[in-house]
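Position 1 is the first residue of the sequence; numbering continues from there.
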Amino acid sequence: MGKIVAIGGGEIGRPGHPIETTEIDEEIIRLSGKSKPRLLFIPTAGSDSETYYEAVRNHFGGMSCKVDVLYMLANKPSKKEIEDKIFSSDIIYVGGGNTLKMMIAWRKLGVDVILAEAYRRDIVLSGVSAGAICWFRYGSSDSRKFANPDAGLIKISGLNFINALCCPHYHTEADRRPHLKELMRKTPGVGIALDNCCAIEFLDHKYRIITSKSDANAYKVYYKKGEFHEEAIEKKKEFSPIDSLLAK
């Protein structure tokens with residue numbers, strides 16, 4: 001297993017917003033093993049927003065990263081262009097937004113296969129919200145709300161590097177918890193629910209919880225014998241075996 005940091009939510013300095021995830025982002029950089037890592041921002045879920053890219057470039061650039069971007073929607077890059085950018089990076093950082101739109105575009109362009117190879121090569125895979133969901137087998141997503149604000153949350157299929165369901169913004173958005181409870185009734189295995197400013201870090205078949213705010217938490221949720229369980233995941237410096245996390 002490679003390196004993944006999945007962040008439940010939090011701002012990164014877009015205009016009018018603070019920077020909330022610095023401590024988590026410092027760990028992403030440390031995980032690369034480089035003093036000046038090459039970070040590739042993928043803003044597909046954010047509709048290739050240049051404003052979003054500028055915020056990421058300013059934030060990570062100020063933390064000694066060499067920041068580049070991979071746009072995929074308006075001018076679709078070739079497979080070789082995508083491979084060159086991804087494989088020459090030390091860190092992949094995927095932005096938030098419309099997860100469903102992103103996964104459809106990625107699969108159409110073969111990015112899912114390329115990212116799987118990046119995972120095998122130990123390139124750090126990271127991101128926030130949609131950029132957290134994508135690394136898991138499934139996710140709880142608000143993708144339908146971009147076209148219809150009254151639409152409900154939906155279940156999304158991710159890249160399945162982590163065999164669990166991911167729910168971001170767990171205590172920030174009121175509909176997340178009830179939807180996850182209903183979602184897990186029909187989903188085998190466990191769900192990992194992440195508050196804003198909370199991330200789960202995976203490294204070589206182990207995991208730990210990291211936060212940029214002390215009151216941010218992660219939860220393991222699942223059904224067992226028809227009963228719903230929601231358990232806070234302990235925050236500690238040491239890594240724990242992933243098998244214990246994914247077992248009911």
Query raised in the report: Sequence neighbours excluded, which residues qualify as side-chain contact (heavy atoms from CB on, under 4.5 Å) partners of Pro18?
Result: Glu11, Glu20

**Report entry** Contact summary for Ala45 and Gly95, nearest pair of heavy atoms
**Finding:** CB-O, 3.8 Å

Report task. Establish whether Leu125 and Ile209 are linked, either directly or via other cluster members, by ILVMFWY side-chain heavy-atom contacts under 4.5 Å. Result -> yes

Requested in this report: Kindly compute the distance separating CE (Met72) from CG (Asp48), expressed to the nearest 0.5 Å.
Outcome: 8.0 Å

Query - Test side-chain contact (heavy atoms from CB on, under 4.5 Å) applied to Ser64 - qualifying residues, sequence neighbours left out - result: Lys36

Query raised in the report: Could you state the interatomic distance from CG (Leu109) to OG (Ser78), rounded to the nearest 0.5 Å?
Result: 10.0 Å

Query - Heavy atoms from other residues, nucleotides or ligands near CG of Asn148 exceed 12 (cutoff 6.0 Å) - result: yes

**Report entry** Distance in Å, Met103 CE paired with Ser143 OG, rounded so as to fall on 0.5 Å steps
**Finding:** 10.5 Å

Requested in this report: Could you check if a side-chain atom of Leu194 sits within less than 4.5 angstrom of a side-chain atom of Pro168, using non-hydrogen atoms only?
Outcome: no

Report summary line: Nearest heavy-atom contact between Gly191 and Met184 is N-CE, 3.4 Å

Query - hydrophobic_cluster_shared for Val94 and Ile104, side chain cutoff 4.5 Å - result: yes

Report summary line: residues 89-99 vs salt bridge (charged side-chain N to carboxylate O under 4.0 Å, His left out), sequence neighbours excluded, gives Lys34-Asp90, Arg38-Asp90

Query raised in the report: Is there any ring-ring contact (aromatic ring centres under 6.0 Å, His included) pair reaching into residues 3-47, and which pairs are they, with sequence neighbours excluded?
Result: Phe41-Tyr52

**Report entry** Atom pair SG/CG of Cys134 and Asp112 - distance to nearest 0.5 Å
**Finding:** 11.0 Å

Report summary line: Taken in chain and number order and not counting sequence neighbours, the residues that satisfy side-chain hydrogen bond (donor to acceptor under 3.5 Å, both in side chains) with Asp142 are none

Query raised in the report: Which heavy atom in Leu70 sits nearest to a heavy atom in Pro43, and how many Å separate them?
Result: O-CD, 3.3 Å

Requested in this report: Taking all non-hydrogen atoms of both residues into account, name the closest pair between Ile24 and Ala199 and its distance.
Outcome: CG2-CB, 3.8 Å

Query raised in the report: Under 4.5 Å between side-chain heavy atoms, hopping through other hydrophobics if needed: is there a path connecting Ile210 to Ile133?
Result: no

**Report entry** N/O donor-acceptor pair under 3.5 Å between Asn217 side chain and Asp215 backbone
**Finding:** yes

Query raised in the report: Does some side-chain heavy atom of Leu245 sit less than 4.5 Å from a side-chain heavy atom of Ile200?
Result: yes

Report task. Quick one: which residue pairs count as a salt bridge (charged side-chain N to carboxylate O under 4.0 Å, His left out) with a foot in residues 58-86, not counting sequence neighbours? Result -> Asp68-Lys85, Lys80-Asp84

Query raised in the report: Nearest heavy-atom pair of Pro178 and Ala174: which atoms, and what distance?
Result: CD-O, 3.4 Å

Report task. Determine, stepwise, if the pair Glu26 / Met63 fulfils side chain to side chain contact (heavy atoms under 4.5 Å, CB included). Result -> CA-CA 8 Å; Glu26 287 172 345; Met63 299 168 73; 3.4 Å; yes

Query - Non-hydrogen side-chain atoms of Leu115 and Trp135 separated by less than 4.5 Å - result: yes

Query raised in the report: Does Asp195 offer a backbone N or O that forms a donor-acceptor pair with the side chain of His169 under 3.5 Å?
Result: no

Report task. Would you check if Val190 and Lys248 make a side-chain contact, meaning some heavy-atom pair closer than 4.5 Å? Result -> yes

**Report entry** Approximate separation, where rounding is to 0.5 Å, of Arg144 CZ and Asn98 CG
**Finding:** 8.5 Å

**Report entry** For Gly10 against Thr21, the heavy-atom pair lying closest together
**Finding:** CA-CG2, 4.0 Å

Report task. Flag the pair Tyr119 / Ile4 as yes when at least one side-chain heavy-atom distance between them is below 4.5 Å, and no otherwise. Result -> yes

Query raised in the report: Just by modelled atom types, is the Ser140 backbone N or O under 3.5 Å from a matching donor or acceptor in the Arg176 side chain?
Result: yes

Report task. Scan for salt bridge (charged side-chain N to carboxylate O under 4.0 Å, His left out) pairs involving residues 51-64, sequence neighbours excluded, and state none if there are none. Result -> none

**Report entry** Side chain proximity check, Val56 to Leu39, heavy atoms < 4.5 angstrom
**Finding:** yes

Query raised in the report: For residues 219-233, which residue pairs qualify under side-chain hydrogen bond (donor to acceptor under 3.5 Å, both in side chains), counting only residues two or more places apart or in two chains?
Result: Tyr170-Glu230, Arg177-Glu230, Arg185-Tyr223, Tyr222-Glu231

Query - Pairs involving residues 70-107, ordered by first then second residue, that meet ring-ring contact (aromatic ring centres under 6.0 Å, His included) (sequence neighbours left out) - result: Phe60-Tyr93

Query raised in the report: For Glu50, does the CD atom have more than 12 heavy-atom neighbours from other residues, nucleotides or ligands under 6.0 Å away?
Result: no

**Report entry** From CA spacing to verdict: side chain to side chain contact (heavy atoms under 4.5 Å, CB included), Thr44, Val111
**Finding:** CA-CA 11 Å; Thr44 318; Val111 180; over 6 Å; no

Query raised in the report: Can Phe136 be reached from Val221 by stepping across I, L, V, M, F, W or Y side chains whose heavy atoms are under 4.5 Å apart?
Result: no

Query raised in the report: Hey, which of Ile28, Ile92, Ile29 is the one that makes side chain to side chain contact (heavy atoms under 4.5 Å, CB included) with Val124?
Result: Ile28

Query raised in the report: What do the steps show when you test Glu27 against Arg30 for side chain to side chain contact (heavy atoms under 4.5 Å, CB included), and what is the final call?
Result: CA-CA 5 Å; Glu27 174 59 17; Arg30 189 201 67 79; 2.7 Å; yes

Report task. Could you note down all residue pairs passing salt bridge (charged side-chain N to carboxylate O under 4.0 Å, His left out) where residues 92-110 supplies at least one of them, sequence neighbours left out? Result -> none

Report task. Answer whether the closest heavy-atom distance between the side chains of Leu31 and Leu203 falls below 4.5 Å. Result -> yes

Taking only distance into account, with no hydrogens and no angle test, what donor-acceptor pairs under 3.5 Å do side-chain atoms of residues 151-166 form with protein atoms, sequence neighbours excluded?
from, atom 1, to, atom 2, distance (Å)
Lys155, NZ, Thr187, OG1, 3.1
Asn163, OD1, Arg137, NH1, 3.3

Query raised in the report: Got a sec, which residues hit side-chain hydrogen bond (donor to acceptor under 3.5 Å, both in side chains) with Lys145, two or more places apart in sequence or on another chain?
Result: none

Query raised in the report: Given side chains that start at C-beta, do those of Thr22 and Ser212 come closer than 4.5 Å, heavy atoms only?
Result: no

Query raised in the report: Is Leu40 reachable from Ile123 through a run of hydrophobic residues whose side-chain heavy atoms are each under 4.5 Å from the next?
Result: yes

Query raised in the report: Got a second to check how far Glu23's CD is from Lys213's NZ, nearest 0.5 Å?
Result: 10.0 Å

